[in-house]
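The structure appears below as structure tokens.
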Amino acid sequence: MKILVLGGGAREHAIVKALVRTGTNADQIVVAPGNAGIANDVTCDAGLIMMDPGAVTEYAKNKGFELVIIGPEAPLIEGVADPLREAGIDVFGPSKLAAQLEGSKAFAKQVMAAAGVPTGRAHECTTMEQVESAIDDFGAPYVVKADGLAAGKGVIVTSDRDEALKHAKKFLHLGILVEEFLDGEEVSLFFLADGKNVLALTPAQDFKRAFDNDEGPNTGGMGSYTPLPWLPKGFVDEVRDTIAIPTIRELSNIGAPFVGLLYCGLIVTKAGIRVIEFNARFGDPETQVVLRRLLTPLESLLHKAAAGHLEAAPEPEFSNDVAVAVVVASEGYPDTSAPDRELSGISEAESVEGVEVCVAAAKEVDGKLFANGGRVLSVVALGKDFKHARKHAYEAVAHIKLDGSHFRTDIAAKVAND
Ligand code: AMP
Ligand code: GLY
């Protein structure tokens with residue numbers, strides 16, 4: 001089956017690697033725009049503007065793609081899935097309307113309220129007076145969220161009232177959501193959805209803060225691991241029954257059937273599981289570890305979801321091995337951006353047992369790689385336990401050469417008993 005993958009980050013690289021590992025021919029896959037790392041595995045086409053729904057549809061039609069997988073949120077929220085679907089092409093990725101589940105936190109709250117899905121209490125605010133009264137209502141720690149896409153930088157959790165207000169002021173033009181603070185472990189759980197049915201993948205944990213011990217600013221994600229041995233039995237079934245299915249039903253009821261990846265961002269509180277956010281696409285860097293353990297053909301799973309026939313899809317199976325991903329980021333990430341710098345050591349890193357490198361931001365100039373973004377790559381290690389997977393992941397990270405780069409040293413440390 002000819003497959004077009006839109007996007008050009010480590011998530012898309014992980015999707016491509018998983019497609020190929022589970023049986024798809026690499027020559028059937030094109031990634032647009034892709035990046036210099038992905039181009040090592042499959043054809044990339046940087047000429048296609050993935051944010052242009054008309055251009056993407058023409059491209060997919062003319063080149064005979066049978067399945068389009070939309071990786072990032074931006075083209076989904078732009079509505080790229082809709083004309084593709086109208087043209088009769090199977091698309092893994094929700095419509096413009098359904099993607100509002102990620103695009104608008106207020107919309108997501110409305111859907112959750114209507115579906116009876118457990119989430120934090122929140123106030124929607126459009127003025128600073130409303131923000132002040134909302135944060136004083138909930139008290140510290142304060143959780144202030146921009147109600148729109150802010151590249152992972154729209155949320156602040158702080159006990160400093162002035163900092164909370166400053167953040168609200170900066171994003172007031174997008175609308176602000178002030179939420180009650182939820183205390184507990186975070187879990188990312190992905191569901192494939194075909195508009196009516198869902199199939200769970202396997203839970204993972206993301207490390208959102210920039211530095212060790214969960215210090216520093218929020219980022220897009222600095223590492224991840226799966227499975228989560230500390231989760232209670234029945235966790236996945238409970239999330240499916242109380243969160244994923246009611247949400248998918250509600251979206252269908254309001255005429256916005258969700259076809260694609262429902263990302264449930266959860267906190268396990270003492271009072272039970274709560275949703276902190278939904279995303280409308282695979283998470284990054286959780287995808288790197290979740291798909292690393294997938295044994296079932298990914299093409300079949302995504303295609304059945306896209307075609308509205310998830311009931312005919314095989315139950316996703318995962319290896320008993322564990323996976324750990326460590327993100328290597330450019331100097332200054334996430335606060336400032338570094339100039340493009342030479343990047344090397346990827347093949348040495350991949351020579352370490354069980355290791356794959358998913359590239360997020362790299363270009364090639366005169367045969368050399370240059371890092372050209374904040375999160376540059378994920379080193380993903382598969383191992384029989386977390387001790388081994390971590391050892392191999394960090395051994396591989398040591399091979400990556402990029403001036404000024406940084407990474408967290410504590411990914412999956414607490415489950416590794418070392
Ligand atoms: P979000 O973009 O909504 O996922 O928020 C980014 C990060 O902020 C989450 O991964 C959490 O670590 C944190 N966060 C968001 N909402 C809350 C909340 N209500 N209570 C505690 N932490 C939160
Ligand atoms: N890892 C967080 C996200 O993909 O939004």
Side-chain angles (χ1 to χ4, degrees), residues 7 9-12 14-15 71-74 76-77 99 101-109 112 118-123 134-135 137-159 164 167 171 174 176-190 201 203-210 213-226 260-271 273-291 325-327 329 334 358 360 374-375 378 408 411:
R11 163 187 45 218
E12 287 74 29
I15 291 170
E73 60 276 19
L76 290 166
I77 289 164
L101 199 62
E102 171 164 4
S104 163
K105 290 187 188 288
F107 176 79
K109 287 285 184 197
M112 284 189 268
T119 184
R121 289 177 300 131
H123 294 301
I135 68 172
D137 178 18
F138 290 133
Y142 308 108
V143 181
V144 177
K145 301 186 172 188
D147 184 23
L149 283 191
K153 293 174 188 166
V155 177
I156 197 168
V157 181
T158 176
S159 290
H167 185 83
F171 289 107
L174 293 175
I176 293 292
L177 215 70
V178 175
E179 197 170 285
E180 73 174 310
F181 177 76
L182 299 169
D183 196 16
E185 286 288 341
E186 283 185 48
V187 179
S188 303
L189 182 54
F190 301 163
L201 299 184
Q205 189 166 55
D206 175 19
F207 290 71
K208 288 247 164 68
R209 300 287 186 129
N213 303 316
D214 291 332
E215 284 172 13
N218 262 324
T219 69
M222 293 297 291
S224 57
Y225 71 92
T226 181
L261 199 286
L262 177 67
Y263 168 134
C264 299
L266 309 162
I267 291 196
V268 187
T269 74
K270 285 206 180 85
I273 303 167
R274 300 282 182 273
V275 174
I276 40 169
E277 68 166 345
F278 284 126
N279 290 320
R281 37 91 196 159
F282 278 105
D284 186 346
E286 299 95 313
T287 301
Q288 287 87 311
V289 288
V290 167
L291 295 187
V326 178
V327 170
C358 295
R375 290 191 294 171
S378 303
R408 279 182 65 156
I411 307 301

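Both ligands and their constituent atoms are indexed starting at 1 by order of listing. Count residues from 1 along the sequence.
Ionic pairing of Arg408 and Asp214 is present here: one or more N-O contacts between side-chain nitrogen and carboxylate oxygen are shorter than 4.0 angstrom. Electrostatic pairing of Lys208 and Glu186 counts as a salt bridge here, judged by a charged N lying under 4.0 Å from a carboxylate O.
Looking only at protein heavy atoms, the nearest one to atom 8 (O) of ligand 1 is Val155 CG1, 3.5 Å. Of all protein heavy atoms, the one lying nearest to atom 7 (C) of ligand 1 is Asn218 ND2, 3.9 Å. Annotation: atom 14 (N) of ligand 1 to nearest protein heavy atom, Val157 CG2, 3.9 Å. In this structure, the protein non-hydrogen atom closest to atom 19 (N) of ligand 1 is Glu179 OE2, 2.7 Å. The protein atom (non-hydrogen) at minimum distance from atom 20 (N) of ligand 1 is Leu182 N, 2.8 Å.
When every heavy atom of Ala146 is checked against every heavy atom of Leu174, the shortest pair comes out as CB-CD1, 4.0 Å. Minimum interatomic distance between Glu180 and Arg121 (heavy atoms only, all atoms of both residues): OE2-N, 2.8 Å. The two residues Asp206 and Pro285 come nearest to each other via the heavy atoms OD1-CD, 3.4 Å.
Rounded to the nearest 0.5 Å, atoms CG (Leu101) and CG (Leu76) are 11.5 Å apart.
Those atoms of ligand 1 with a heavy atom of Lys105 less than 4.0 angstrom away are 1 (P), 2 (O), 3 (O). Set against the non-hydrogen atoms of Phe181, the atoms of ligand 1 under 4.0 Å away are 20 (N), 21 (C).
A salt bridge (Lys or Arg N to Asp or Glu O under 4.0 Å) with Arg281 holds for exactly one of Glu12, Glu73, Glu286; it is Glu73.
With a 4.0 Å cut-off on non-hydrogen atoms, Val143 touches ligand 1 through its side chain and not its backbone.
Considering only non-hydrogen atoms, atom 11 (C) of ligand 1 lies nearest to Glu186 out of Glu102, Glu186, Arg121. Closest heavy-atom approach to atom 15 (C) of ligand 1 among the candidates Lys145, Glu277, Arg209: Lys145.
At a 4.0 Å cut-off, not a single heavy atom of Arg274 sits close enough to ligand 1 to count as contact.
A distance limit of 4.0 angstrom between heavy atoms and ligand 2 selects the residues Asp206, Lys208, Gly220, Tyr263, Asn279, Arg281, Gly283, Asp284, Pro285, Glu286.
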